[in-house]
**Student:** 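Supplied in structure tokens, the structure appears directly below.
None of these values were measured; they are calculated from a predicted model.
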Amino acid sequence: MALVKQTLKAEIIAILNTLKDETDQANAIDQFADRLATAIDNYIKSATITTTVTVTCPSGQGTGTGTGTLS
């Protein structure tokens, strides 16, 4: 899947809205950092990577394509 910046932005807004009334600042900072790290991790891992590979071997040259994800 292509990375959609708006998806990450929406998740960050949701995190901030959830924490905006938190009275314990240290707790809010810890929760924000944890949830933001998770949101970024999920966002990056949702990417689909496509590549073209060219190889040379004794029997000749070959090409191929591949698709994968980050983990």
**Student:** Group every Ile, Leu, Val, Met, Phe, Trp and Tyr by side-chain heavy-atom contacts under 4.5 Å, then state whether I29 and I15 land in the same group.
**Tutor:**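 In one cluster: no.
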**Student:** Under the criterion side-chain contact (heavy atoms from CB on, under 4.5 Å), I'd like the reasoning laid out for T18 against R35: C-alpha separation, chi angles, the key distance, then a yes or no.
**Tutor:** CA-CA 11 Å; T18 300; R35 292 183 63 188; 3.3 Å; yes
**Student:** Test side-chain contact (heavy atoms from CB on, under 4.5 Å) on I12 and K9; report intermediate values, then the result.
**Tutor:** CA-CA 5 Å; I12 294 169; K9 179 181 176 180; 5.7 Å; no
**Student:** Testing the basics here: between N17 and K20, what is the closest heavy-atom pair and its distance to 0.1 Å?
**Tutor:**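 Result for this residue pair: O-CG, 3.4 Å.
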**Student:** Working to the nearest 0.5 angstrom, can you tell me the gap between L16 CG and E11 CD?
**Tutor:**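 So the CG of L16 and the CD of E11 are separated by 10.0 Å.
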**Student:** Determine whether more than 12 heavy atoms belonging to other residues, nucleotides or ligands lie under 6.0 Å from atom CD of Q61.
**Tutor:**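 Check passes, neighbour count above 12.
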**Student:** How long is the straight-line distance from CD1 of I44 back to CG of L3, given to the nearest 0.5 Å?
**Tutor:**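 L3 CG to I44 CD1: 5.5 Å, rounded to 0.5 Å.
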**Student:** Would you say L8 ends up clustered with I49 if hydrophobic residues are merged whenever their side chains have heavy atoms under 4.5 Å apart, either directly or through other cluster members?
**Tutor:**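 Yes, because I49 and L8 connect within a single hydrophobic cluster, where side-chain heavy atoms sit under 4.5 Å apart.
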**Student:** Decide side-chain contact (heavy atoms from CB on, under 4.5 Å) for K45 and T69; before the verdict, give the C-alpha distance in whole Å, the side-chain angles of both, and the deciding distance to 0.1 Å.
**Tutor:** CA-CA 7 Å; K45 288 181 179 177; T69 59; over 6 Å; no
